[in-house]
Amino acid sequence: MIKKIIGVSLMFTAHAASAQSLNSTQIAMYGVFDIGIGYSQHSLAEDPNYPIGMNPVATKFGVRDDTGMFNGGLSASRIGFRGSEDLGGGMRATFTLESGFNPYNGNLSNGPASLANNPAKAQTTVSADSSLAGQLFNREANVGLSTREGSLTIGRNYSFGFETIIANDPMEGSSTFSPFGYSGAYGSGGSTEDLRIDRSIKFKRSSNGFNFGALYKFGGQAGSGSAQSERQLNLGFESERFGIQGSYSAKRDAILSTNSNTPGALNITLADTTAYMLAGHYARDQWRIRAGYERIKFNNPSNPVLDAGISSVFGYPVGTISTSTYTFERRLDVYFAGLTYEVTPKYRVTGAAYDVRQNDFSNHSCSGGNSVTACSGANWYYSLLGDYKLSNRTRLYAGYMHNRVTGGFSSGFINSRNNFLGTGVRHTF
């Protein structure tokens, strides 16, 4: 896969050199290389496919400490190509192709592969679901048209929830010091695999500080036009000091993948998910505050019979399928806030707190002190991060995150707390 990316890079570079002189086409290659060394108090061994590299949060089977390399202390590593062509009359044709990779070994990031490597009851390496599943362009792949009235892109697009949460996350989507960078579930309305949305049409428009957006995903399921389809909306306002964004998403038959006891397979849970988010930021002098709230709801899927016929996910065979996990609605309430202080023009410090609350959707199975996954619970994160600008493209950073889970979130956990420390460098090009 890496050889393919290099080949595509050379192709685009050669095309750009000739296109610049022939017409108004513009093609740019860009990227982020972010790698660090960290310490996790309770962890499993590292997996070569796992997008982050290390485990920064409390994990069910984490029994030992781990020191190793991680990806994305400030922002996840990637390489991309972006192009546009002037079509006249204020219209431009655009495209974006972007790949996320693991800088500590050069692999394309592949969360589902890390799940398939680990039996559910005997996990040995870190694993998590992800929309980064080893695709050649796993972060973004779309083409579109742009005018003064707005832009329309078709293909694999970012969700509005992800754009809202990253713009207002105090830790700016850090993979190791923010739950929003670590887990795509918060930016995708509950289904990590839909942080980046295949088969989608996305419209965005901005005017006088206000912005509006709408997205529709085609389900691609024979026998139903609505199965695995999705609708999203975004509305917001941005000025020099202040910004506020709201987003809404509704997905039918969303897939949530987990470890399976069938070798090389994934277990999947199907759900209809709905999410609402409101987040904003305010800056004054050297200070910047960012905060927000999100509610995510899970219900049983709209098309359980059709869902039961799913045989593979991202090319991995399906072990077991559940279409009745959310007979009683599951709700997540997510609260977050943080403050950044610019000590000098080159050095800044950020502190943040995240609180995730889950309702009891067990149908009274939690009475008598029982603690199962469907019980109410809380998931707290506290982070501190400092970064220093060596240049406009290169930053050094060091940070700490504490995570603690209770109730249903901690069901089956050996250690319900984790402390993670790390330092690294990010270079953009």
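Throughout, residue positions are numbered sequentially from 1 according to the sequence presented.
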Whether [X] side chain and [Y] backbone form a donor-acceptor pair below 3.5 Å:
X    : Y    : answer
T164 : G161 : no
N359 : E329 : yes
R78  : A76  : yes
N234 : S247 : no
S40  : N55  : yes

**Q.** Distance under 6.0 Å and angle within 45° of ring axis: R231 vs Y216
**A.**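 No, R231 does not lie over the aromatic ring of Y216.
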Q.
Both conditions, 6.0 Å and 45 degrees, for the charged tip of R82 above the ring of Y30: are they met here?
A.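 R82 over Y30 ring: yes.
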Q.
I'd like to know whether N49 forms a side-chain hydrogen bond (donor to acceptor under 3.5 Å, both in side chains) with S114, so could you lay out the CA-CA distance, the side-chain angles of the two residues, the decisive distance to 0.1 Å, and finally the verdict.
A. CA-CA 6 Å; N49 302 289; S114 69; over 6 Å; no
Quick check: do [X] and [Y] have side-chain heavy atoms less than 4.5 Å from each other?
X    : Y    : result
Y186 : V356 : yes
D34  : Y397 : yes
N71  : Y104 : yes
S383 : Y354 : yes
L332 : Q358 : yes
K202 : F160 : yes
R426 : S75  : yes
Q228 : I310 : yes

Q. So E230 and R199, salt bridge (Lys or Arg N to Asp or Glu O under 4.0 Å) or not? Walk me through it.
A. CA-CA 10 Å; E230 184 168 6; R199 302 185 301 274; over 6 Å; no
**Q.** Chi angles and distances behind the side-chain hydrogen bond (donor to acceptor under 3.5 Å, both in side chains) call for D272, N299
**A.** CA-CA 5 Å; D272 284 359; N299 289 279; over 6 Å; no
Donor-acceptor pair between [X] and [Y] side chains, under 3.5 angstrom:
X    : Y    : value
S257 : E193 : yes
S260 : N267 : yes
S376 : D360 : no
R348 : T340 : no
N102 : S109 : yes

Q: For I268 and V313, run side-chain contact (heavy atoms from CB on, under 4.5 Å): C-alpha distance rounded to whole Å, both residues' side-chain angles, the deciding distance at 0.1 Å, then the answer.
A: CA-CA 9 Å; I268 62 172; V313 178; 3.8 Å; yes
Q. Q245 and side chain to side chain contact (heavy atoms under 4.5 Å, CB included): which partner among N211, L235, L278?
A. N211
Q. Are E98 and R196 close enough for a salt bridge, meaning some N to O gap below 4.0 Å?
A. no
Q: Give a yes or no on whether a salt bridge exists between R290 and E172, defined as a side-chain N under 4.0 angstrom from a carboxylate O.
A: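 Looking at E172 together with R290, the answer is yes, because their closest N to O distance falls below 4.0 Å.
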Q. Does the pair N138 and S99 meet the rule for a side-chain contact (heavy atoms from CB on, under 4.5 Å), with working shown?
A. CA-CA 5 Å; N138 53 22; S99 296; 4.3 Å; yes
Q: Mind running side-chain contact (heavy atoms from CB on, under 4.5 Å) on L390 and L396 for me, showing each step along the way?
A: CA-CA 7 Å; L390 293 175; L396 298 176; 3.6 Å; yes
Looking at every heavy atom in both [X] and [Y], which two are closest together, and how far apart are they?
X    : Y    : answer
S84  : R92  : OG-NH2, 3.1 Å
D355 : R357 : OD1-NE, 2.8 Å
R139 : L132 : CG-CD2, 3.7 Å
P301 : T323 : CD-O, 3.3 Å
C366 : S362 : SG-OG, 3.3 Å
H281 : E238 : NE2-OE1, 2.9 Å

Q: Take K217 and D198 through the test salt bridge (Lys or Arg N to Asp or Glu O under 4.0 Å) and record every step on the way to the result.
A: CA-CA 7 Å; K217 174 187 177 180; D198 293 338; over 6 Å; no
Between [X] and [Y], what is the ring plane arrangement, given parallel below 30°, perpendicular above 60°, and tilted in between?
X    : Y    : result
Y248 : Y276 : tilted
F237 : F210 : tilted
F336 : F180 : perpendicular
Y400 : H402 : parallel

(Q) Using the ring centroid of each side chain, check whether F361 and Y326 are separated by less than 6.0 Å. (A)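 Ring centroids of F361 and Y326 are less than 6.0 Å from each other.
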Q | M54 and F420: CA distance, side-chain angles, deciding distance, side-chain contact (heavy atoms from CB on, under 4.5 Å) verdict | A | CA-CA 10 Å; M54 295 186 66; F420 180 85; 4.0 Å; yes
Q. Testing T59, N418, N379 for side-chain hydrogen bond (donor to acceptor under 3.5 Å, both in side chains) with N403, which one passes?
A.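 Result for side-chain hydrogen bond (donor to acceptor under 3.5 Å, both in side chains) with N403: N379.
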**Q.** Atom CZ of R64: over 12 foreign heavy atoms under 6.0 Å
**A.** yes
Q. To the nearest 0.5 Å, what is the distance between OG (S324) and CD1 (I321)?
A. 12.0 Å
